[in-house]
Amino acid sequence: MDTKAFKRSLNHSDNYHRKGFGHQAEVATQLESEYQSGLIQQIRDNNYTLTRGNVTIRLAQSFGFCWGVERAVAMAYETRKHFPTKKIWITNEIIHNPSVNQHLREMEVAFIQIKDGNKDFSIVEFGDVVILPAFGASVQEMQLLNDKGCTIVDTTCPWVSKVWNTVEKHKKREYTSIIHGKYKHEETIATSSFAGKYLILLNLEEAEYVINYILNSGQKEEFLAKFSGACSVGFDPDTDLIRVGIANQTTMLKSETEQIGKLFERTMMQKYSPANFNEHFQSFNTICDATQERQDAMFELVDNQLDLILVIGGFNSSNTSHLQEIAEEYQIPSYHIDCVERIKSKTQIEHRQLDGSLTVTENWLPSNELVVGVTSGASTPDKVVEDIIEAVLAFNPHSAA
Ligand code: SF4
């Protein structure tokens with residue numbers, strides 16, 4: 001499939017919308033009341049710090065809703081206003097945040113359900129409106145919806161589209177796209193749908209395995225078993241790792257994406273010599289600014305004397321789990337929670353661990369003088385952060401306002 005030609009023709013279709021519908025002012029008030037927080041603004045204005053009694057809250061200097069998420073949510077709200085009587089679907093969570101998705105359900109925006117492991121588009125009918133989320137949708141989904149005669153509202157973040165353009169460039173020049181990402185994540189599924197040959201690497205360890213294969217060769221069967229599901233159909237490590245280009249899921253740990261890029265750069269230089277290097281390696285900077293800023297702010301936050309860190313965000317939010325990785329790296333007790341209800345009591349908190357499992361930790365909140373670091377992922381509204389900070393402050397009898 002010529003994905004570039006398809007996208008070009010979609011861009012010219014009257015049924016395809018990539019911008020809002022001119023209702024920004026109307027939805028702005030609604031968005032503010034549902035997602036913004038006076039307390040968070042107050043903390044921002046006070047140099048990202050709040051002290052009540054013997055509890056100090058230190059907020060990261062960059063956290064929460066990023067530009068791409070704000071834009072996607074606003075477009076979804078505008079879509080409802082613009083098509084008040086139409087059936088509206090969304091192909092996935094608009095962003096990885098339960099409260100935002102719940103608000104959309106209340107506005108009668110329906111989510112495409114999974115049936116037998118696949119999205120069930122059979123219930124979508126001609127003329128329905130379908131919203132594509134901030135992290136995009138695969139080109140096959142777009143084509144299917146277009147063929148069905150749906151009106152498509154594409155809220156894909158331009159940063160994600162930038163990565164799609166990058167893999168299109170790799171494809172055109174016959175480079176294999178090495179994508180740093182999670183192969184089951186919707187954004188990476190979408191990105192790989194625009195790529196030609198591709199290989200998805202989760203981390204540095206997998207990158208080193210591939211590098212070793214490039215330099216020293218290895219067991220092809222073992223390679224293919226290791227990356228089963230994470231490479232293009234018919235991928236052959238003996239012939240498809242001769243020319244490589246780097247791309248990434250926008251929310252991966254920035255430092256790791258950079259390390260992986262450098263690793264491949266050095267390897268191709270070593271294997272093919274500097275004179276021929278450009279024939280074997282390509283790299284464009286596709287790390288999203290918002291992800292970078294939130295991770296940089298987290299590194300600044302962990303530099304403070306903190307007793308613990310609350311990392312707030314959806315449990316399937318990749319950028320949130322990377323923030324927690326930073327806390328773990330600095331050995332600061334940290335709890336990834338998605339809503340205030342996870343705080344069961346002053347002594348019990350239910351939280352997600354880095355391996356994805358949920359656990360309950362007892363005696364998580366010391367009762368002495370306390371400094372609590374707080375950050376949130378790019379899809380977390382300030383209101384959710386406010387509720388959690390209020391809960392922490394309320395547990396401390398000396399911290400009443
Ligand atoms: S994290 Fe970056 S890529 Fe993702 S929606 Fe936000 S701005 Fe866009």
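Indexing begins at 1, ligand by ligand and atom by atom, following the structure's order. Please read all numbers here as calculations on a predicted model, not as lab measurements. Below, all heavy atoms of this structure are taken into account, side chains as well, without hydrogens, waters or symmetry copies.
In the displayed structure, Glu34 atom CD is contacted under 6.0 Å by more than 12 heavy atoms of other residues, nucleotides or ligands.
A salt bridge is defined here as a Lys NZ or Arg NE, NH1 or NH2 lying under 4.0 Å from an Asp or Glu carboxylate O, and Glu350 with Lys344 meets this definition.
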message = Could you go through Gln249 and Thr188, starting from their C-alpha distance and side-chain angles, then the distance that decides it, and tell me whether this counts as side chain to side chain donor-acceptor pair (under 3.5 Å)?
response = CA-CA 6 Å; Gln249 187 180 308; Thr188 296; 2.6 Å; yes
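In this structure, the separation between NZ on Lys383 and CG on Leu39 is 10.5 Å, given to the nearest 0.5 Å.
Within the listing of ligand 1, atoms 1 (S) sit less than 4.0 angstrom from a heavy atom of Thr291. Listed by number with element, the atoms of ligand 1 under 4.0 angstrom from any heavy atom of Thr250 are 3 (S), 4 (Fe). Taking every non-hydrogen atom of Cys288 and a distance limit under 4.0 Å, the qualifying atoms of ligand 1 come out as 1 (S), 2 (Fe), 3 (S), 7 (S). Shown in contact with Cys157 at under 4.0 Å from a heavy atom are these atoms of ligand 1, numbered in order with element: 3 (S), 5 (S), 7 (S), 8 (Fe). Against a heavy-atom cut-off of under 4.0 Å, Trp159 is close to the following atoms of ligand 1: 3 (S), 7 (S).
For Cys66, the nearest N, O or S atom to atom 6 (Fe) of ligand 1 falls under 2.8 Å.
Proximity of the aromatic rings of Phe315 and His96 is defined here by a centroid distance below 6.0 angstrom, and this criterion is not met. Separation of the Tyr209 and Tyr213 ring centroids does not fall under the 6.0 Å cut-off.
Residue Asn319 places every heavy atom at 4.0 Å or more from ligand 1.
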